[in-house]
Student: 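After the structure tokens below, expect a handful of questions from me.
Because the structure is predicted, anything quoted here is derived from the model rather than measured. Throughout, a chain's letter reflects where its sequence line sits, starting with A, and its residues are numbered from 1.
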There are 2 protein chains.
Amino acid sequence: MKEIQDREQLKHYLRAFQLESVFHEPLRPHLSLYGFEPGDLICTQGQAPEYLYVLVHGKLKIYTTSSEGKTLVLSFKTPLEVIGDVEYVRGTPILNTVEAVTPVCMIGVQYRWLHNYGKDHAPLLQFLLDIITQKFYVKSNSLSFNLMYPVEVRLASYLLSVTSDESESRLEEQGSAVSLSDAANFIGTSYRHLNRVIRQFCIQGLVERRKGVIVVKDRNGLSSLAGHNIYEHNQGKGETRL
Amino acid sequence: MKEIQDREQLKHYLRAFQLESVFHEPLRPHLSLYGFEPGDLICTQGQAPEYLYVLVHGKLKIYTTSSEGKTLVLSFKTPLEVIGDVEYVRGTPILNTVEAVTPVCMIGVQYRWLHNYGKDHAPLLQFLLDIITQKFYVKSNSLSFNLMYPVEVRLASYLLSVTSDESESRLEEQGSAVSLSDAANFIGTSYRHLNRVIRQFCIQGLVERRKGVIVVKDRNGLSSLAGHNIYEHNQGKGETRL
DNA sequence: GCCAATTCAGGACATATGTCCTTTCCCAAT
DNA sequence: ATTGGGAAAGGACATATGTCCTGAATTGGC
């Protein structure tokens, strides 16, 4: 992590994401921009958190590791997203490990300033509510989905959610570098089993393998397999009530 | 559902749960008390919500039903808990079905009043944040746990979390009426498989069956099976930062 | 271009879990 | 008491998924 000393850039992001009222005057001096390189850990499961981060550029991977060493990828995040919000509100240790997948830029604020100047600031509270309810919503879907459907269906849904709508879209686009084993950990299965299901999809003509890359051949087929159940992504802010 | 016309009782609950500042003067006239009988549905997945409810007495079951008819029990809730909070903030249809397990009493407020008089009211926002982050936390644990461990471990954890600390505690206490098939749906497995695992636990001397009731015989044994992973319950408000 | 080291795909087998069906047992209505 | 219905437990089998290992493919260094 390195701090980026560029108040102009910071202002730019605040404007671009309409965060000016969220981080009002008293908080401004305590905001900083931080850069992370792919593979950098932003925070680690179990540690005491210190900063609230707002992701404004790049892609993050959120995962948890069991005591036996198994890894479960919980989500991939793109802007606008917040890291450390739940921990801030609850005062608990960091829940999941967060790692930069691409070069990442985040706005960071120390909890103490957030608390001093923000704890009664309605726009900030509303912003946090908005973000956290969205997270809750996504996680809730994810929980039901993972518990109710077999890997086959989850993979179909996953492929639909990470590839774009072109006639032939492949996994691993725009340098997003989602490896197959990450995908397996995300779906909550083993790498081995993922391969098995992919092979089956190949046979059914739904996807194709091309040197380590999966190419979606038949979105409709995948859709009918997945049913209406799609891994929900950050679909923007939607209509919030606040 | 029937409305309970008793302002004194309402005041009593507000005091008991320290909700007086959360629901401040302008909101008070729009609060009502509602009673539900076991089996009553408080709200149904997919509907348009209208009320925010605060559970002040009784026990609720939250579940979701897939289009194929499979049911997944997401949680059981006891006071203090809020229903409809995520939907209120996000303006979305009801996510999960909520059913009374015991006689239930809840404080209800229509969204429109909440919005009119509460959308900038910091104590209310803080309250919602507190509740929702707690929900998020529990759900997050639940997701990882369910995806990472086999039914055996989940059941051990579940038994520990629903039975009290006595030397011999049985499932199905204090009229809580958690049926085995509810338990199966909660753990995310089939009734058949749950039985299989219970049988195995019996053989290992961990639990005993007595006419449809499960009696925990060896908490330590269950603990070592479950590892440190326990289904998190509402462990009170904890230390919140707000 | 060649080799060692690493990643990747898949075979073989074990285990976990689901589905369907049968048996038993309990209770309520007659 | 008799009987029908339905919960509760478990048998038999099919399927889904995990683990371990092997051989092919790929890559980076020389």
Side-chain angles (χ1 to χ4, degrees), chain A residues 39 65-66 68-73 144-159 170-172 177-204 206-215 225-227 229, chain B residues 38-39 65-66 68-73 144-158 170-172 177-204 206-215 225-227 229:
Chain A
T65 307
S66 72
E68 295 84 4
K70 263 196 275 190
T71 295
L72 179 65
V73 174
S144 322
F145 193 44
N146 282 306
L147 250 57
M148 301 230 263
Y149 299 96
V151 169
E152 186 188 43
V153 174
R154 287 183 259 157
L155 176 61
S157 166
Y158 174 73
L159 287 174
R170 37 188 157 347
L171 193 55
E172 196 118 5
V178 175
S179 70
L180 270 192
S181 55
D182 272 354
N185 288 331
F186 179 67
I187 291 173
T189 188
S190 62
Y191 175 74
R192 176 65 190 92
H193 191 58
L194 185 71
N195 261 316
R196 197 158 14 215
V197 177
I198 287 175
R199 209 161 96 92
Q200 188 188 312
F201 280 10
C202 286
I203 294 170
Q204 298 172 270
L206 296 171
V207 305
E208 241 175 53
R209 286 195 110 114
R210 289 191 200 149
K211 37 194 276 162
V213 178
I214 306 298
V215 182
L225 228 177
N229 306 284
Chain B
T65 306
S66 72
E68 296 83 4
K70 262 197 273 190
T71 295
L72 179 66
V73 174
S144 322
F145 193 46
N146 282 306
L147 250 55
M148 302 232 259
Y149 298 97
V151 169
E152 185 188 42
V153 174
R154 287 182 260 159
L155 176 61
S157 167
Y158 174 73
R170 34 188 159 344
L171 192 55
E172 198 118 4
V178 175
S179 71
L180 271 194
S181 55
D182 271 353
N185 288 331
F186 179 66
I187 290 172
T189 189
S190 61
Y191 175 74
R192 176 65 190 93
H193 191 58
L194 185 72
N195 261 317
R196 199 161 8 218
V197 177
I198 287 174
R199 209 161 96 94
Q200 186 188 313
F201 281 8
C202 286
I203 292 170
Q204 297 171 272
L206 296 171
V207 306
E208 241 175 53
R209 291 193 106 113
R210 290 191 199 147
K211 36 191 282 165
V213 178
I214 306 299
V215 183
L225 229 178
N229 307 285

Student: Just how far, in rounded Å, is C1' of dC25(C) from CZ of Arg209(B)?
Tutor: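 Going from CZ in Arg209(B) over to C1' in dC25(C) covers 13 Å.
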Student: So does Tyr191(A) get a side-chain nitrogen or oxygen closer than 4.0 Å to the phosphate oxygens (OP1/OP2) of dA9(C)?
Tutor: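 Looking at the OP1 and OP2 atoms of dA9(C), one of them is under 4.0 Å from a side-chain N or O of Tyr191(A).
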Student: Report the distance from atom CZ of Arg199(A) to atom C1' of dA12(C), rounded to the nearest whole Å.
Tutor: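 In whole Å, dA12(C) C1' lies 13 Å from Arg199(A) CZ.
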Student: Could you tell me whether the side chain of Gln200(B) reaches within less than 4.5 Å of the side chain of Ile203(B), counting heavy atoms only?
Tutor: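 Result no, sub-4.5 Å side-chain heavy-atom pair not found.
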Student: What's touching nucleotides 16-23 of chain C from the protein side, N or O pairs under 3.5 Å?
Tutor:
| unit_1 | atom_1 | unit_2 | atom_2 | d |
| --- | --- | --- | --- | --- |
| dT17(C) | OP1 | Val151(B) | N | 3.2 |
| dT17(C) | OP2 | Val151(B) | N | 3.3 |
| dT17(C) | OP2 | His193(B) | NE2 | 3.2 |
| dG18(C) | OP2 | Thr189(B) | OG1 | 2.4 |
| dG18(C) | OP2 | Ser190(B) | N | 3.1 |
| dG18(C) | OP2 | Ser190(B) | OG | 3.1 |
| dG18(C) | N7 | Arg196(B) | NH2 | 2.8 |
| dG18(C) | O6 | Arg196(B) | NH1 | 3.0 |
| dG18(C) | O6 | Arg196(B) | NH2 | 3.2 |

Student: Taking all non-hydrogen atoms of both residues into account, name the closest pair between Ile187(B) and Leu147(A) and its distance.
Tutor: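 Looking at all heavy atoms of both residues, the shortest contact is O-CD2, 4.2 Å.
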Student: Compare every heavy atom of Val73(B) with every heavy atom of Asp182(B), then report the nearest pair and how far apart it is.
Tutor: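 Heavy-atom minimum between the residues: O-CG2, 3.9 Å.
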Student: State, with a plain yes or no, whether a side-chain heavy atom of Arg209(B) is found less than 4.5 Å away from one of Ile214(B).
Tutor: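 A side-chain contact under 4.5 Å exists here.
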Student: How long is the line joining CG of Asp182(B) and P of dA8(D), in whole Å?
Tutor: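 Going from Asp182(B) (CG) to dA8(D) (P), I get 11 Å.
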Student: Measure the distance from CD on Gln200(B) to P on dT15(C) and round it to the nearest whole Å.
Tutor: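 Taking CD of Gln200(B) and P of dT15(C), I get 12 Å after rounding.
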Student: Side chain of Arg154(A), backbone of Tyr149(A): donor and acceptor closer than 3.5 Å?
Tutor: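 Yes, Arg154(A) side chain to Tyr149(A) backbone: donor-acceptor pair under 3.5 Å.
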Student: Distance check needed: dA12(D) C1' versus Asn195(B) CG, whole Å only.
Tutor: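 These atoms are roughly 16 Å apart.
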Student: Could you check Phe201(A) against Leu225(A) for side chain to side chain contact (heavy atoms under 4.5 Å, CB included), going step by step and ending with a plain yes or no?
Tutor: CA-CA 11 Å; Phe201(A) 280 10; Leu225(A) 228 177; 3.7 Å; yes
